Amino acid sequence: MDQLRTVNTLAELISTDSRFATFLQVQKKAIFNNNLQVSTGGGNDYWERGVVRPDLILADLVKIFHPECNKSEGLISIKELNNCGRSICK
């Protein structure tokens with residue numbers, strides 16, 4: 001059985017299963033992952049801080065689905081795998 005792992009680029013995502021390349025959002029390069037802040041020990045801020053600060057997760061989702069809002073701040077726990085021209089990621 002494969003170990004559970006996370007991906008950081010679209011190429012890594014597609015390498016896990018080539019069928020991902022057929023998804024419209026992958027073709028548009030509009031894919032996000034919840035691993036923006038991961039410690040060297042593997043701790044993921046999305047899961048660790050997100051349970052007590054759901055407002056931060058919601059803020060990320062608003063920035064993803066409504067990029068015209070909150071232009072001044074970048075994402076907190078979610079990252080765009082490949083920048084598709086939006087300015088929400090720092």
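Heads up: numbering here begins at 1 and tracks the sequence. Predicted, not measured: the structure shown is a model, and the values here were computed from it.
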key: Which residues share a side-chain contact (heavy atoms from CB on, under 4.5 Å) with Q25, sequence neighbours left out   = K28, A30, I31
query = Transitively linked via ILVMFWY side-chain contacts under 4.5 Å: I57 with F65?
reply = yes
request  = Following the transitive rule for hydrophobic clusters with a side-chain heavy-atom cut-off under 4.5 Å over Ile, Leu, Val, Met, Phe, Trp and Tyr, establish whether V7 and V38 coincide in one cluster.
outcome  = no
task = Return each pair, listed once, that meets ring-ring contact (aromatic ring centres under 6.0 Å, His included) where at least one residue sits in residues 36-59; pairs must be two or more places apart or across chains.
result = none
note = Hits for side chain to side chain donor-acceptor pair (under 3.5 Å) against N33, two or more places apart or cross-chain, chain-then-number order -> T6
query = By side chain to side chain donor-acceptor pair (under 3.5 Å), which residues pair with N44, not counting sequence neighbours?
reply = none
Any side-chain heavy-atom pair of [X] and [Y] under 4.5 Å:
{"X": "N34", "Y": "S77", "value": "no"}
{"X": "D45", "Y": "L36", "value": "no"}
{"X": "L10", "Y": "F20", "value": "no"}
{"X": "Q37", "Y": "R49", "value": "yes"}

ask   = Roughly how far, to the nearest 0.5 Å, is the CD1 atom of I64 from the CZ atom of F32?
value = 4.5 Å
ask   = Between K79 and N8, does any side-chain donor sit less than 3.5 Å from a side-chain acceptor?
value = yes
Contact list for residues 16-25, test salt bridge (Lys or Arg N to Asp or Glu O under 4.0 Å), sequence neighbours left out = D17-R19
task = Any chance you could pull the hydrophobic cluster mates of I76, using side-chain heavy atoms under 4.5 angstrom and chaining through other members?
result = L56
